[in-house]
Amino acid sequence: MNQSVCELEQFVLGKLHLDFRPPPAREMRVTQVRCNFDYGVGTHKTDANRYRLTLRFDCHEAADDKTEVGNAVKAEISGFFRFPEGTEKKQMEALIRVNGVSILYGILRGIVANSTGVFPNGKFLLPTIMPQDIVKQVEAEKAAASKKNKPTKHTAKK
């Protein structure tokens, strides 16, 4: 039997905030779902093959005029992952992001669907995502923020 490439050992739900906002007017309807993602990656102090990924997620339904109506979700979930001995660091760094986002988001979808089943509009299914697109977007945002916050070098004239 082959050992998995990226094994989830454990997950912890650190934050889950669910709201249902009824529309202020009868004619107002949910027409879009808006989502924001972020994550942080950490490594184990002594075991180079163990990682933690914390996925932060904010999603809300909205009407055509962007008024937030319907369901809103804010969540943070952390997963603790192990890679097989001999896995290259570069491969682990890529897989923890894509596979970690995919695995944790899947878990979160189930939790949100089960929890919102009693809401007035029924079960809220989080939208399907492409994890590699989420990783690409988050990494681009982190690079831009890092570049923006980088101190500029000043040389003194003598």
Side-chain angles (χ1 to χ4, degrees), residues 4-84 87 91-146 148-149:
S4 65
V5 178
C6 179
E7 180 184 344
L8 175 66
E9 293 183 318
Q10 174 179 331
F11 70 89
V12 177
L13 187 63
K15 174 183 181 178
L16 179 62
H17 184 100
L18 303 169
D19 277 325
F20 177 77
R21 293 171 254 182
R26 280 195 182 277
E27 64 276 356
M28 188 175 282
R29 302 187 132 170
V30 171
T31 58
Q32 54 190 297
V33 177
R34 300 175 159 272
C35 300
N36 295 308
F37 295 88
D38 190 20
Y39 59 75
V41 177
T43 56
H44 194 274
K45 287 182 181 180
T46 59
D47 188 344
N49 290 0
R50 294 178 75 189
Y51 284 78
R52 179 198 73 242
L53 182 116
T54 299
L55 177 65
R56 290 173 288 281
F57 174 76
D58 181 0
C59 180
H60 64 269
E61 294 178 305
D64 280 335
D65 66 358
K66 298 183 181 167
T67 302
E68 292 184 19
V69 296
N71 294 292
V73 178
K74 286 187 182 186
E76 181 177 289
I77 185 170
S78 295
F80 301 90
F81 297 87
R82 175 185 296 281
F83 292 90
T87 308
Q91 183 183 19
M92 290 188 291
E93 292 287 332
L95 287 174
I96 189 64
R97 287 166 172 78
V98 176
N99 288 18
V101 166
S102 179
I103 292 167
L104 294 178
Y105 186 74
I107 292 168
L108 194 55
R109 279 187 97 207
I111 291 169
V112 169
N114 283 329
S115 301
T116 57
V118 296
F119 280 17
N121 280 359
K123 175 171 40 176
F124 178 44
L125 292 175
L126 295 176
T128 306
I129 62 164
M130 295 296 289
Q132 61 273 28
D133 293 344
I134 300 299
V135 170
K136 187 176 179 180
Q137 176 190 344
V138 170
E139 292 301 320
E141 289 171 2
K142 287 180 188 257
S146 175
K148 186 178 177 181
N149 294 331

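Just so you know, these numbers use all the heavy atoms, side chains as well, and skip hydrogens, waters and symmetry mates.
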Margin query: Between His60 and Asp58, do the side chains contain a donor N or O and an acceptor N or O under 3.5 Å apart?
Written below: no

Margin query: Any heavy-atom pair between the side chains of Pro120 and Pro22 that's under 4.5 Å?
Written below: no

Next item on the list: State, with a plain yes or no, whether a side-chain heavy atom of Asn49 is found less than 4.5 Å away from one of Thr87.
Entry: no

Check: Atom CG in Leu108, atom CD1 in Ile103: separation rounded to 0.5 Å?
Finding: 13.5 Å

Next item on the list: Identify the two heavy atoms, one from Gly79 and one from Leu8, that lie closest to each other, and give their separation to 0.1 Å.
Entry: CA-CD1, 3.8 Å

Notebook entry, point to check: Roughly how far, to the nearest 0.5 Å, is the CG atom of Asp65 from the CD atom of Gln32?
Noted result: 9.0 Å

Next item on the list: Mind jotting down which residue pairs meet the ring-ring contact (aromatic ring centres under 6.0 Å, His included) criterion with at least one end in residues 111-139? Sequence neighbours excluded, please.
Entry: none

Notebook entry, point to check: Are Arg52 and Val41 close enough that some pair of their side-chain heavy atoms sits under 4.5 Å apart?
Noted result: no

Notebook entry, point to check: Is Arg21 close to Glu68 at the side-chain level, that is, under 4.5 Å between some pair of heavy atoms?
Noted result: yes

Next item on the list: Mark yes or no for whether Ser115, through its side chain, and Ile111, through its backbone, hold a donor-acceptor pair below 3.5 Å.
Entry: yes

Notebook entry, point to check: Per the side-chain contact (heavy atoms from CB on, under 4.5 Å) rule, which among Asn36, Val112, Leu126 passes with Phe57?
Noted result: Leu126

Next item on the list: Measure the spacing between CD of Glu76 and CG of Leu104 and express it to the nearest 0.5 Å.
Entry: 11.0 Å

Next item on the list: Report yes or no: do Glu139 and Tyr39 form a side-chain donor-acceptor pair below 3.5 Å?
Entry: yes

Note to self: Checking Asp38 against Lys142 for the salt bridge (Lys or Arg N to Asp or Glu O under 4.0 Å) test, could you report, in this order, the C-alpha distance in whole Å, the side-chain angles of both residues, the deciding distance, and whether it holds?
What the structure shows: CA-CA 9 Å; Asp38 190 20; Lys142 287 180 188 257; 3.5 Å; yes

Next item on the list: Report yes if the side chains of Arg34 and Glu61 come closer than 4.5 Å at any heavy-atom pair, otherwise no.
Entry: no

Checklist line | Minimum heavy-atom distance between Val69 and Ala63, given as atom pair plus value | finding: CG2-N, 4.0 Å

Notebook entry, point to check: If we only count heavy atoms from C-beta on, is the Cys59 to Val33 side-chain gap below 4.5 Å?
Noted result: yes

Check: Given side chains that start at C-beta, do those of Leu16 and Leu13 come closer than 4.5 Å, heavy atoms only?
Finding: yes

Checklist line | Charged N-O contact under 4.0 Å between Asp64 and Arg29 | finding: no

Margin query: Checking Lys15 against Lys74 for the side-chain contact (heavy atoms from CB on, under 4.5 Å) test, could you report, in this order, the C-alpha distance in whole Å, the side-chain angles of both residues, the deciding distance, and whether it holds?
Written below: CA-CA 7 Å; Lys15 174 183 181 178; Lys74 286 187 182 186; 4.2 Å; yes

Notebook entry, point to check: Between Phe37 and Glu141, which heavy-atom pair has the shortest distance, and what is it?
Noted result: O-OE1, 4.5 Å

Next item on the list: Output, in order, the C-alpha distance, side-chain angles, deciding distance and verdict of side-chain contact (heavy atoms from CB on, under 4.5 Å) for Val12 and Ile77.
Entry: CA-CA 6 Å; Val12 177; Ile77 185 170; over 6 Å; no

Next item on the list: Please report the shortest heavy-atom distance between Ala113 and Leu125, naming the atom on each side.
Entry: CB-CD2, 3.9 Å

Margin query: Would you say the ring centers of Tyr51 and Phe81 fall short of 6.0 Å from each other?
Written below: no

Item checked: Pairwise side-chain contact, Arg97 with Leu95, heavy-atom cut-off 4.5 Å (strictly under) -> no

Check: Are Arg50 and Glu9 within salt-bridge range, i.e. N to O under 4.0 Å?
Finding: yes

Item checked: Residue Phe11 excluded, over 12 heavy atoms near CZ under 6.0 Å -> no

Notebook entry, point to check: Given the rule in the side-chain contact (heavy atoms from CB on, under 4.5 Å) test, do Asn71 and Asp19 qualify, once you have shown the distances and angles that lead to the verdict?
Noted result: CA-CA 6 Å; Asn71 294 292; Asp19 277 325; over 6 Å; no

Next item on the list: Start with the C-alpha gap between Phe80 and Leu53, add the side-chain angles, then the distance that decides, and say whether side-chain contact (heavy atoms from CB on, under 4.5 Å) holds.
Entry: CA-CA 7 Å; Phe80 301 90; Leu53 182 116; over 6 Å; no

Note to self: Taking the basic N atoms (NZ, or NE/NH1/NH2) and the acidic carboxylate oxygens, is any pair closer than 4.0 Å for Arg82 and Glu7?
What the structure shows: no

Notebook entry, point to check: Knowing that exactly one of Leu55, Val98, Ile129 qualifies, which makes a side-chain contact (heavy atoms from CB on, under 4.5 Å) with Ile134?
Noted result: Ile129

